[in-house]
Amino acid sequence: MSMLATLFVVTLVAAALMGSVYALTKEPIRLAELKKKNEAIQVVVPGFDNEPSTEVRRLFIDGDSIFLYTARKGDEVLGTAVETFTNEGFSGEIKLMVGFALDGTIIDIAVVKHAETPGLGDKMVKGKSDFSVQFMGKDPNNFKLAVKKDRGDVDAITASTITSRAYCDAVKRAHRAWTEAQ
Amino acid sequence: MEYVIIIIAAVFVSNIVLNQFLGICPFIVVSSKVETAIGMTGAVTFVMVISTLVTYLIYQSVLVPLELVYMRTITFILVIASLVQLVEIILKKISPPLYQALGIFLPLITTNCAVLGVAVLAVQKDFNLLESTVFAIGNALGFGLALITFSGIREQLDLLKVPARMKGVPIAFIVAGLMALAFMGFAGIV
Amino acid sequence: MNKFIVSPSPHTYTDESVPKLMYGVIISLLPALAVSVWFFGIGMIVVTSVSIASCILFEYLIQRYMMKVKPSHLDGSALITGLLLAFCLPANIPFWMVMIGALAAVGIGKMTFGGLGNNIFNPALVGRVFLFISFPVAMTAWPEAGQWMQYTDAVTGATPLGMMKEGLAFKTVGEIMPEVPSFLHLLSGKMMGSSGEVSALALLVGMLYMMYRKIISWHIPVSILATVFVFTGVLWLANPDRFADPLFHLLTGGLMLGAIFMATDYVTSPMTHKGMIIYGVGIGVVTVLIRTFGAYPEGVQFAILIFNGFTPLINKFVKPKRFGKEVSRG
Amino acid sequence: MIEHAGIIDRIEGDMAHVKIHSVSGCASCHAKGVCSAADQEEKYLDVVLKGAAYAPGEAVQVQVAKHLGFQAVALGYVYPFLLLMAVLIAFTAAGTPELRAGSYALLSIVPYYLVLFLLRKRIGSAFTFSIKKTN
Amino acid sequence: MNLKTFSRGGVHPPEHKLSSGLAIEELPLPEVVVIPVSQHLGAPAKVIVDRGDQVKIGQVIAQSEGFVSTNIHSSVSGKVLKVDKFMDSSGYRKMAVQIQVEGEDWEETIDRTDDLVRNTVLKSEAIRKKILEAGIVGLGGATFPTHVKLMVPKGKIAEYLIINGVECEPYLTADHALMMQRTEEVFAGILVLMKGLGVEKAIVGIENNKPDAILKMKQVAKGSKVQVQGLKVKYPQGGEKQLVQALLKREVPSGGLPIDVGVVVFNVGTALAAYDAVNKNRPLIDRVVTVTGKSLEKPSNFLVRIGTPVSYLVEKAGGLPGDTAKVINGGPMMGKALSTLDVPVVKGSSGILLISEAEARRKEVLPCIRCTKCVTVCPMGLEPYLMMSLSEKARYERMESEKVLDCIECGSCSYTCPSSRPLLDYIRLGKAEVGKIMRARKAV
Amino acid sequence: MSQIIIYTIITLVAIGSAAAIILYFVAQKFNVYEDPRIDEVEAVLPAANCGGCGFPGCRNFAETLVKSESWEDLFCPVGGNETMASVATLLGREAIEQAPRVAVIRCNGTPEFRPRFNEYDGAPTCAIAHSLYSGEGGCPHGCLGEGDCVVVCAFDAIHMDPVTDLPVVVDDKCTACGACVDACPRNIIELRKKNKKDRKIYVSCINEEKGAVAKKNCSVACIGCSKCFKVCPYEAITMENNLAFIDSDKCKLCRKCAPECPTDSILELHFPPKKEITEPVEAEVSE
Amino acid sequence: MNQWKNFSKGLIKENAVFALFLGLCPTLGVTTSAINGLAMGLATTFVLAMSNLVVSLVKNVIPDKVRIPAFIVIIASFVTVVELVMKGYVPALFDALGLFIPLIVVNCVVLGRAEAFASKNTVWSSIVDGLGMGIGFTLSLTVLGAVRELLGSGAFFGMKLISGDALLLFILPPGAFLALGYLLVLVNMLKEKTA
Ligand SMILES: Cc1cc2nc3c(=O)[nH]c(=O)nc-3n(C[C@H](O)[C@H](O)[C@H](O)COP(=O)(O)O)c2cc1C
Ligand SMILES: Cc1cc2nc3c(=O)[nH]c(=O)nc-3n(C[C@H](O)[C@H](O)[C@H](O)COP(=O)(O)O)c2cc1C
Ligand SMILES: Cc1cc2nc3c(=O)[nH]c(=O)nc-3n(C[C@H](O)[C@H](O)[C@H](O)COP(=O)(O)O)c2cc1C
Ligand SMILES: Cc1cc2nc3c(=O)[nH]c(=O)nc-3n(C[C@H](O)[C@H](O)[C@H](O)CO)c2cc1C
Ligand code: SF4
Ligand code: SF4
Ligand code: SF4
Ligand code: SF4
Ligand code: FES
């Protein structure tokens with residue numbers, strides 16, 4: 001019996017410890033996640049002063065949800081950040097944040113999540129190569145979102161056609177969501 | 001079809017040992033006899049599947065509704081640790097000779113790392129119940145494939161002249177590395 | 001009185017020897033080498049000589065200074081490793097990469113295990129895949145044939161298999177076929193690819209020579225080639241728009257080189273004819289799987305390495321047919 | 001034959017109680033003290049002695065036919081696994097909610113083990129060991 | 001002619017049958033002979049003469065001890081000099097009787113005429129008894145007592161007698177010479193053996209490199225139940241399991257004897273000896289020995305009395321060439337190397353082969369490159385490369401399950417290995433150790 | 001928030017207790033208790049795992065030492081008395097002392113004494129050569145010189161002397177584990193009592209052939225003349241099969257026998273140069 | 001036992017990775033860079049030291065029979081704490097270490113077990129032991145991480161040392177095995193030297 005009692009106490013204390021740490025970290029965790037999102041939005045639609053993550057719309061496209069965040073400065077709408085995805089990556093899913101200006105041109109793109117090969121596919125990440133730069137200011141309606149090999153307008157990352165294709169795929173999906181949302 | 005894909009992915013493309021790095025300790029230390037490795041595969045399959053099944057059920061029916069997802073780690077490890085032992089006790093109670101035969105034949109199923117990893121991965125990947133169990137099967141087979149192949153290689157190396165300083169664990173890692181290298185060929189198959 | 005030599009029987013031996021066998025393989029690689037030099041010129045010469053020299057040198061250095069045994073770098077096996085490593089590299093790859101590949105091949109692939117006869121994986125392929133994974137960019141830029149004087153500055157393009165893989169994303173096989181080299185070029189080797197793999201014809205000549213010399217038996221190459229032929233044939237018949245025809249698969253990529261010279265490596269292939277056929281069929285199947293469904297356009301090297309890993313198991317379970325059934329004897 | 005090193009613990013009549021370490025080689029492994037939780041066990045086997053004389057404390061090799069090892073694995077792990085999967089698939093296919101399907105699957109192995117229990121005599125007589133002296 | 005042969009493995013070493021076609025030459029008697037009492041498989045015979053005794057040709061000097069054992073006869077007449085240990089071809093000093101040759105004094109019972117006795121009136125039991133008394137052992141190399149092989153074990157039925165005229169060893173021509181020159185007697189011997197065994201059918205297997213012998217045997221056997229079959233040249237066709245399979249497509253089971261598939265195999269020389277013993281009352285006191293070698297002046301087929309020193313044979317064949325570095329008792333594949341010429345010819349000596357310096361030494365041993373050649377040539381379907389590794393690492397139990405005891409020690413594996421690995425050396429070691437283990441197991 | 005904590009507690013306690021009960025059972029069923037003294041004893045043992053004690057490994061030996069009532073026949077030749085003493089102190093028991101032993105090679109057939117009249121060219125192991133024939137020299141008992149004993153020695157205590165073609169035991173390294181004794185197909189190696197300063201006297205021959213034959217093949221062969229036998233005051237020498245044998249446990253190193261031997265087959269090693277009058281040297285056992 | 005000895009044995013003589021071959025999964029899984037290895041090592045060290053502390057504190061209260069479950073609960077709680085804290089404050093690292101954070105439980109059960117059973121030890125020496133073990137583990141992970149980072153991306157703790165191609169292989173799975181394999185060989189060679 002004493003065994004059960006001690007065990008009871010141990011689990012009790014452990015649970016209390018965990019519970020309280022959970023309580024304590026709940027907010028920081030939420031904030032950290034938010035921050036990550038906001039930072040991405042900040043990159044792709046800079047200059048807002050609202051809390052875009054609270055202005056969310058959710059669309060179902062290709063069997064998964066795509067979130068659209070509206071960024072404002074004061075009352076002025078700066079643009080929309082679209083959190084999009086693709087499953088065509090070299091190593092599975094890639095998540096991007098694509099910022100669209102009001103006219104539908106791409107402001108900028110940030111990579112939210114990926115598992116592409118370092119030194120190859122991960123060159124799509126802004127800052128690691130100029131790959132993402134080519135999308136800035138382009139309107140997907142007249143900038144064909146496909147790599148040149150596939151007769152599109154995008155210069156693929158060297159030796160990473162697969163990633164480049166996936167990237168285009170995600171951006172295309174974002175554009176579709178954006179168009180649909182309009 | 002999707003189940004087949006899950007299995008192929010788990011066995012070949014992201015093999016639990018060679019690609020996910022789970023269950024390395026038994027892989028490196030235990031696998032020196034092919035027969036044992038085959039037996040291990042059978043045992044590990046059962047343990048992994050039943051663990052994944054139970055953890056899945058607890059996760060979906062207790063942790064998620066109560067918003068206790070953060071307790072995943074502790075629940076899973078407790079459940080798995082007791083489950084594995086439970087099976088042993090049952091076997092021992094049922095038939096001591098059977099249990100004894102297993103004792104001679106198999107090393108311990110010290111694959112906690114892999115079992116826990118698979119259970120966690122299964123919920124992380126948002127699989128449904130059947131998918132989770134199939135995923136567990138795939139990983140168990142993947143573990144088995146790596147283990148059996150490797151034990152074969154070990155048996156062969158045993159008879160050859162491997163330099164002294166390479167013998168044992170170092171050569172095991174190097175072989176594992178080369179196997180992983182070869183298995184990279186499966187990238188993208190599913 | 002004469003001092004007689006005493007030893008157990010037998011007292012007579014064949015003339016075959018390891019170096020003789022190895023140099024036999026090298027002779028049968030010569031036609032392919034000649035064709036490659038013809039197509040890739042100076043690049044081929046640089047890559048091949050660096051590769052061979054490094055393999056032999058590393059073997060010597062490792063045996064001499066690390067393993068402290070009598071070096072056997074001249075027995076021909078390191079030469080084959082070097083030659084075959086060069087054969088599966090693009091002819092425009094920088095020479096230092098070739099040296100890294102040679103180090104991986106001989107150091108990791110062979111000497112780590114104790115040298116000739118002890119290794120599990122094909123050294124040349126270990127070197128090749130090591131480079132492929134480490135330098136995917138350089139390893140997938142293939143020089144166009146006919147640039148005699150260019151080395152790393154050669155104009156590059158895609159291999160037929162690469163074209164096929166790329167093309168299939170948005171085109172049908174029928175649309176791609178006109179872009180890939182003609183059947184005759186595939187046979188002769190006028191296409192892009194690893195330096196030594198291009199000429200199916202020259203490689204086949206080598207195979208016939210090796211079979212004539214009884215260096216290899218037909219089991220491995222034939223079972224690989226037949227499996228690839230049948231498997232791709234079935235796919236092709238099922239959907240000729242999605243899958244290239246079997247002949248295309250036979251003649252492109254490293255299939256011939258792999259099936260004839262690399263899968264047949266004694267050390268890393270099974271010991272019985274039945275085992276060899278299992279091994280060959282397995283390699284064929286995995287090759288086609290990787291080629292048609294995987295991320296890489298080419299799969300032979302991976303398939304061979306994978307089955308190198310399975311070889312000990314095959315040897316364990318596939319035994320030669322023993323003479324006579326077993327009878328229990330009390 | 002599978003062999004496993006063991007030590008004779010005690011002898012009762014023609015029955016030897018042999019102790020084995022569950023991992024061969026564990027005994028002299030330097031890491032044994034830190035090996036996984038609750039996992040380093042000593043297991044005991046009962047072996048009928050034939051012929052040669054043995055003494056407690058003697059090091060022996062316990063032998064069991066290879067196919068018996070596989071049979072044990074099949075009975076202990078593989079068959080229940082197959083049963084579990086069959087039940088799970090059947091219920092899932094029938095549209096039973098996951099929680100219930102899963103529970104049924106788990107429960108299904110209870111009768112399996114029961115049956116094993118009922119058959120324990122027969123199983124028991126199938127698994128026999130022999131020992132020989134370590135030389 | 002559709003040539004038969006065995007199905008698995010085999011090699012074809014250069015034949016070098018230097019003495020082929022040469023007539024059998026009867027050697028003059030040496031001055032002293034040394035007759036070992038253990039010239040057969042099984043228990044050594046027990047010496048029954050003493051130093052100083054006078055013995056006749058054909059007199060029993062050592063008596064069979066047990067069932068698997070046989071009598072030893074004096075091959076000369078004269079005085080027993082010594083009963084002591086002498087070096088013999090086994091490489092060790094073993095018990096033997098040394099006799100000073102004096103005249104030619106034969107046992108009276110022996111029929112020394114040249115008359116051919118075609119028919120045997122004796123029954124099978126009497127035949128066996130005569131063979132036992134005459135000290136006949138297999139002359140194909142294994143020297144297994146012939147009377148034992150004539151006793152078909154209970155529950156087994158002998159269906160065929162196979163006569164082994166294969167002589168697949170390079171260099172050796174003794175059996176060939178016998179078949180050419182003593183055709184009639186060999187044939188009569190076959191009939192004796194058939195009768196002894198109680199079989200209706202016999203087959204003589206001869207390799208196709210002896211077409212003349214095939215032809216001659218066929219002529220003699222015409223109209224009888226004895227069939228003569230030409231065989232494709234392939235070593236080790238003479239191995240009894242291989243021969244049975246080549247001729248009848250029956251596989252002697254692992255660990256079994258030819259009798260398990262209804263066959264008994266005898267060498268041609270054995271057939272002749274059986275003829276001599278049964279129809280002529282003549283014990284086994286001499287045999288044909290091929291003395292050969294590339295540098296030898298006069299390769300020959302000699303009819304030699306048992307106990308004659310090898311040095312004497314070599315001398316008669318032109319003397320020991322200066323470059324001789326190895327002397328083999330038997331053929332190059334299975335023969336035993338002698339450490340000295342000072343050993344006697346025994347019942348099992350089919351040839352003396354002199355190998356010159358250039359070919360005598362083994363080559364440097366290299367690592368096994370797993371070329372599969374040894375596996376491919378092994379006529380028993382074994383894996384010699386594996387056996388050697390196992391033997392080196394003393395994994396004898398595994399060797400047992402890999403069937404090492406099936407190895408017939410033909411040496412094809414060692415012959416063929418490009419890495420010059422001493423495969424058979426280690427396999428033999430393994431066989432011996434496995435044998436020990438098995439005996440120990442039985443003893444418990 | 002506090003709700004979460006309560007749920008946490010409830011769930012964990014539930015699952016934890018369930019797990020605990022199961023694991024408790026397990027702990028009971030599989031008593032993990034292992035005598036901690038085994039570890040301690042093992043730590044004292046040399047960890048050579050050579051099998052010299054007759055057990056598969058040091059741990060098995062340690063276990064047996066801890067458990068056995070009687071220590072008879074339990075000895076670690078590698079660690080010797082010293083180790084056995086520490087084990088004994090550890091376990092609070094009495095150690096059984098054994099005189100330390102050392103391997104000696106009982107063949108002195110160097111090429112000088114035993115001319116080689118043929119050359120062995122088979123696989124370089126004594127076992128194979130032995131099964132083939134008497135050897136390069138005529139003696140069928142003599143050392144074959146292929147070094148099987150060298151290979152099995154786990155302590156690097158034997159090497160072949162290229163001049164004599166005989167193995168040499170390094171006394172300091174030899175632990176008397178007996179591996180070489182088992183390995184030698186000719187049974188040439190004997191474990192003899194180790195004397196002070198490594199002194200030893202032994203018949204360096206095991207040839208059982210008749211004197212004349214033995215002598216013919218090897219000039220230092222024991223010819224079984226019994227002269228040493230007759231002179232030994234301590235009955236340490238026995239004669240059997242034409243061969244003398246000095247029992248190292250009885251021998252008192254008086255050195256009377258050696259000069260008697262007509263073939264010099266009795267070796268005296270590590271003794272000071274002989275004085276005129278030989279007096280018995282006290283047979284002290286080095287510890 | 002001397003505390004320093006107690007501490008240092010975990011560093012080298014009983015180093016979890018290089019001597020005992022334990023905790024290999026995270027060792028291979030997270031060491032794509034030195035910093036990841038370091039972080040993982042520290043997280044493990046924290047859990048190890050804390051749980052050793054707690055276990056030795058309560059060792060007299062907890063009956064032997066339930067020590068294992070209690071121990072598991074304690075370790076798992078600390079792991080959860082680490083998990084939550086990392087998620088909240090260093091989310092990037094948390095992502096990088098991924099699955100291997102929960103697996104710390106298994107490793108700590110393994111690495112800490114000797115301690116739990118040798119319950120003779122004082123609180124202080126338990127912590128020291130845990131720290132030694134943990135720091136030894138951290139050390140090995142950092143070294144392996146550094147080697148792989150250096151070879152695989154030509155950088156050291158994130159600082160790019162060479163421009164251009166590095167041996168990509170070393171940050172991919174095969175490279176993990178190979179790097180660890182050859183490091184072990186190196187260790188063996190050092191042992192040969194010192195022996
Ligand atoms: C180890 C390795 C990792 C790779 N990772 C990626 C990747 O992350 N993204 C990608 O698009 N290609 C990757 N590749 C390259 C592809 O395999 C293939 O070379 C490329 O997709 C097609 O080549 P191309 O882009 O030059 O047409 C990788 C290759 C290797 C060997
Ligand atoms: C490899 C091998 C080759 C043999 N070659 C011959 C041969 O050429 N001629 C022969 O008569 N016996 C040969 N024998 C011996 C036969 O197997 C068998 O012992 C013999 O024919 C039986 O007859 P015997 O008892 O009359 O000797 C050979 C044996 C072996 C193992
Ligand atoms: C131990 C042993 C027992 C044998 N017993 C018999 C027997 O009972 N009957 C028989 O016909 N031959 C028997 N033989 C003879 C074999 O069939 C065979 O002729 C002999 O071993 C020589 O064959 P080889 O030269 O092919 O090795 C026996 C041989 C051996 C070695
Ligand atoms: C038929 C044959 C094929 C060979 N193929 C290869 C090869 O593909 N790669 C290689 O490194 N060595 C090859 N070798 C050489 C040698 O076997 C190889 O280096 C060994 O694997 C080294 O142990 C080959 C040798 C032969 C006889
Ligand atoms: S293993 Fe035996 S039977 Fe096979 S080839 Fe070698 S010697 Fe002949
Ligand atoms: S023939 Fe020689 S090299 Fe070839 S596999 Fe056999 S042992 Fe090895
Ligand atoms: S010389 Fe012999 S007894 Fe001495 S340690 Fe070596 S093997 Fe053991
Ligand atoms: S002592 Fe024995 S084992 Fe050692 S070399 Fe001489 S014969 Fe061989
Ligand atoms: S850490 Fe050891 S199995 Fe995973």
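Just so it is clear, the model here is predicted, and its values are computed rather than measured. Naming: A, B, ... by sequence-line order, numbering from 1 per chain.
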*Rounded to the nearest 0.5 Å, what's the gap from CZ on Phe12(B) to CD1 on Ile306(C)? Could you check?*
8.5 Å

*asked:* Working to the nearest 0.5 angstrom, can you tell me the gap between Ile171(B) CD1 and Phe113(C) CZ?
replied: 4.5 Å

*asked:* Can you tell me which portion of Val69(C) sits under 4.5 Å from chain B's heavy atoms? Options are side chain, backbone, both or neither.
replied: neither

_Max heavy-atom pair count under 4.5 Å with chain B, selected residue of Gly114(C), Gly117(C), Ala303(C)_ = Gly114(C)

*Distance in Å, Phe302(C) CZ paired with Phe186(B) CZ, rounded so as to fall on 0.5 Å steps*: 10.5 Å

*Which one, Thr292(C), Leu305(C), Ile120(C), leads in non-hydrogen pairs under 4.5 Å with chain B?*
Ile120(C)

*What part of Leu159(B) gets closer than 4.5 Å to chain C, counting heavy atoms only: side chain, backbone, both or neither?*
neither

_Residue pair Leu181(B), Phe132(C): steps toward the side-chain contact (heavy atoms from CB on, under 4.5 Å) verdict_ = CA-CA 10 Å; Leu181(B) 198 65; Phe132(C) 179 68; over 6 Å; no

*Side chain, backbone, both or neither: which part of Val175(B) has an atom under 4.5 Å from a heavy atom of chain C?*
both

_Would you say that more than 12 heavy atoms from the other residues, nucleotides or ligands in this model lie under 6.0 Å from the CD of Gln124(B), or not?_
yes

_Only pairs of heavy atoms separated by less than 4.5 Å count here; which of Ile314(C), Thr311(C), Ile290(C) has the most with chain B?_
Ile290(C)

_Phe310(C) side, atom CZ; Met179(B) side, atom CE - distance, nearest 0.5 Å_ = 7.0 Å

*Gly152(B) and Pro312(C): which non-hydrogen atoms are nearest, and at how many Å?*
O-CB, 3.4 Å

_Counting heavy-atom pairs closer than 4.5 Å to chain C, which one of Lys161(B), Met166(B), Arg165(B) comes out on top?_
Lys161(B)

*Counting heavy-atom pairs under 4.5 Å to chain B, which of Asn315(C), Val126(C), Thr112(C), Val129(C) comes out on top?*
Thr112(C)

*asked:* Can you give me the closest heavy-atom contact between Pro163(B) and Met111(C), atom names plus distance?
replied: CG-O, 4.0 Å

*Could you look at Ile153(B) and say if it's the side chain, the backbone, both or neither that has a heavy atom under 4.5 Å from chain C?*
both

*asked:* Under the rule for ring pair (Phe, Tyr, Trp, His ring centres under 6.0 Å), what residues qualify as partners of Tyr266(C), not counting sequence neighbours?
replied: none

*Against chain B, label Phe317(C) side chain, backbone, both or neither, depending on which of its atoms sit under 4.5 Å from a heavy atom there.*
side chain

